[in-house]
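See structure below.
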2 protein chains.
Amino acid sequence: MDNYIKHNKQYVAVDCVIFSYEDQELKLLLYPRGFEPSIGSWSLMGGFVKEDESLENAAQQVLFNTTGLKNIYLEQIGGFSNPDRDPGGRVISIGFYALMPIEDQNKELVRNSGAHWWPIQKLPHLIFDHKEIIDAALIKLQQKSSISLIGKELLPEAFTLTQLHNLYNAIFQKKFDAGNFRKKILSLNVLKKLPKKDTSGSKRGAFYYTFIDNIEHNNLDRIIKF
Amino acid sequence: MDNYIKHNKQYVAVDCVIFSYEDQELKLLLYPRGFEPSIGSWSLMGGFVKEDESLENAAQQVLFNTTGLKNIYLEQIGGFSNPDRDPGGRVISIGFYALMPIEDQNKELVRNSGAHWWPIQKLPHLIFDHKEIIDAALIKLQQKSSISLIGKELLPEAFTLTQLHNLYNAIFQKKFDAGNFRKKILSLNVLKKLPKKDTSGSKRGAFYYTFIDNIEHNNLDRIIKF
DNA sequence: GCAAAAGTGTTTACATTACACCCATGG
DNA sequence: CCATGGGTGTAATGTAAACACTTTTGC
């Protein structure tokens, strides 16, 4: 069974672009790299892939180690494989992006790793090709958000339409018309109005909404076009 | 610089889903596997990734070896990494799909490798998870064709609107309204009518069209919505 | 002349856009 | 009382879908 033995093996890693949303901004969780090369520079969370796990499992493991969360929403971005991308050696990296509500994370764990949430508009300099991976991740996230109503993955359980509106503004880096946006969203019939109001954002207060029961990612796919 | 050394290396391969179009059908180039395990079974074209090449280069090399063509249109599908996907050992495969006009291939080279073009509706049984890779490829191709006018990559230099219409029917596996389709396409202003007619498809004959000069893949992105 | 592909025109329904305007309330 | 975010209504425009209809020509 060893016809493969004459071929080279490679280091394979996963790198995770972890998106969250706070203060009307998309944010990314970055951390200072703990080993050479480029020790101390800002970097995506990553890890090597073990022989007995899939890429997705490896990515979930990275997310668990850094945020304490399991079963996070995850999408594959693609492979990054320039032979010189990592000066430490030949490493093929598969990029993933993850979405999580920022308050779900284990804050202590994140703090202990030295990680920090960076607004996507003000990222620090990143090692290797990590900026490229982030750019690809944002494009994928935009593609996803344009055919699927995201929000469940990034917002708290209950949220206002203004929050959702601002989230979409942040993702697409443009301003959607507020009135048209809310009409479009409500016409989808996937949100239900809660009796409570949020008064933090305005004097009048805005009603909270939540996704109707028994709705999954799959049900939200291809229900919308932006 | 050897902080990586404690980690496992893996075999990394690329597998290519090669699309072409003939007789109003999408076709895939498959070949009988030349070594164990599963020798003789139908398989995608693939190859191991070398230490000094990117995944894209590895895929282009596979395509060159099997069809004699260079710089083929290529898109990454994603990583396939179930630890048990290949009974011969742990191999992480990155899928790519390629588009090529069927007449461009080096026929002799293809014949010598034992390869065969299969209509996508009548595929033979395939090894490992190759059917899964093909399914993912078709979805990616549909996504691509729904925002970009493909045709340049799959059709001959000059083609009729009916050919393009049939190509889209084949990709989406549905019938677009012929009148609406041609109006939509022509309104994009990326095709020019040639003085010649194709008389093979009908008695009246249909005008050939070709893409206007200096148009690249990039210019065709996001110009359409299907 | 007729079948069949090529090509055009029209009607209807629906979605998107821009924007005007009212509401509620804390300071 | 007014600035501000919350929320509704509407008219104009654009796009998509359905389908009837005309043209051309080999058999």
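To find a chain, count down the sequence lines: A is the first, B the second, and so on, and within it residues start at 1. Here the structure is a predicted model, which is why all the values come from computation and not from measurement.
- Partner of A:Y21 under the side-chain contact (heavy atoms from CB on, under 4.5 Å) criterion, out of A:I102, A:L99, A:I171, A:L155: A:L155 alone.
- B:F176 and B:F181 have tilted rings, their planes meeting at an angle from 30° to 60° on a 0 to 90° scale.
- Annotation: side-chain hydrogen bond (donor to acceptor under 3.5 Å, both in side chains) contacts of A:R85 (sequence neighbours excluded): A:D129.
- Between its two ends, the helix from C:dG1-D:dC27 to C:dG27-D:dC1 turns its axis by 10°, counting five pairs per end and rounding to 10 degrees.
- Every residue two or more places apart in sequence or in another chain that forms a ring pair (Phe, Tyr, Trp, His ring centres under 6.0 Å) with B:W118 is listed here: B:W42, B:H116.
- For residues 183-207 of chain A, no pair satisfies ring pair (Phe, Tyr, Trp, His ring centres under 6.0 Å), with sequence neighbours left out.
- Among residues at least two apart or in separate chains, side chain to side chain donor-acceptor pair (under 3.5 Å) pairs with a member in residues 99-114 of chain B are B:Q105-B:W117.
- Atom CZ of B:F176 and atom P of C:dG7 are 19 Å apart (whole Å).
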Derivation of the side-chain hydrogen bond (donor to acceptor under 3.5 Å, both in side chains) call for B:N65 and B:Q61: CA-CA 6 Å; B:N65 293 341; B:Q61 192 59 49; 3.2 Å; yes
N/O to N/O distances under 3.5 Å, protein versus nucleotides 4-6 of chain C:
{"from": "C:dA6", "atom 1": "OP1", "to": "B:T162", "atom 2": "OG1", "distance (Å)": "3.3"}
{"from": "C:dA6", "atom 1": "OP2", "to": "B:T162", "atom 2": "OG1", "distance (Å)": "2.7"}
{"from": "C:dA6", "atom 1": "N3", "to": "B:R204", "atom 2": "NH1", "distance (Å)": "2.5"}

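- Partners of A:Y209 under the ring pair (Phe, Tyr, Trp, His ring centres under 6.0 Å) rule, at least two apart in sequence or in another chain, do not exist in this structure.
- In this structure, the ring pair (Phe, Tyr, Trp, His ring centres under 6.0 Å) partners of A:F128, at least two apart in sequence or on a different chain, are A:H130.
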I'd like a table of donor-acceptor pairs (distance under 3.5 Å, sequence neighbours excluded) in which one partner is a side-chain atom from residues 219-226 of chain B, with atom names and distances.
{"from": "B:N219", "atom 1": "OD1", "to": "B:E216", "atom 2": "N", "distance (Å)": "2.8"}
{"from": "B:D221", "atom 1": "OD1", "to": "B:K144", "atom 2": "NZ", "distance (Å)": "2.9"}
{"from": "B:D221", "atom 1": "OD1", "to": "B:S148", "atom 2": "OG", "distance (Å)": "3.3"}

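- Listed by chain and residue number, B:F211 satisfy the ring pair (Phe, Tyr, Trp, His ring centres under 6.0 Å) test with B:F159 (two or more places apart in sequence, or in another chain).
- Between chain A and DNA chain D, the heavy-atom contact criterion of under 4.0 Å yields a 5' to 3' nucleotide range of D:dG5 to D:dT10.
- Distance check: A:L126 CG to A:I134 CD1 gives 4.5 Å after rounding to the nearest 0.5 Å.
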Going 5' to 3' through nucleotides 12-20 of chain C and flagging B where a protein heavy-atom sits under 4.0 Å of the base, S where only the sugar-phosphate is that close, and - otherwise, we get ----SBBB-
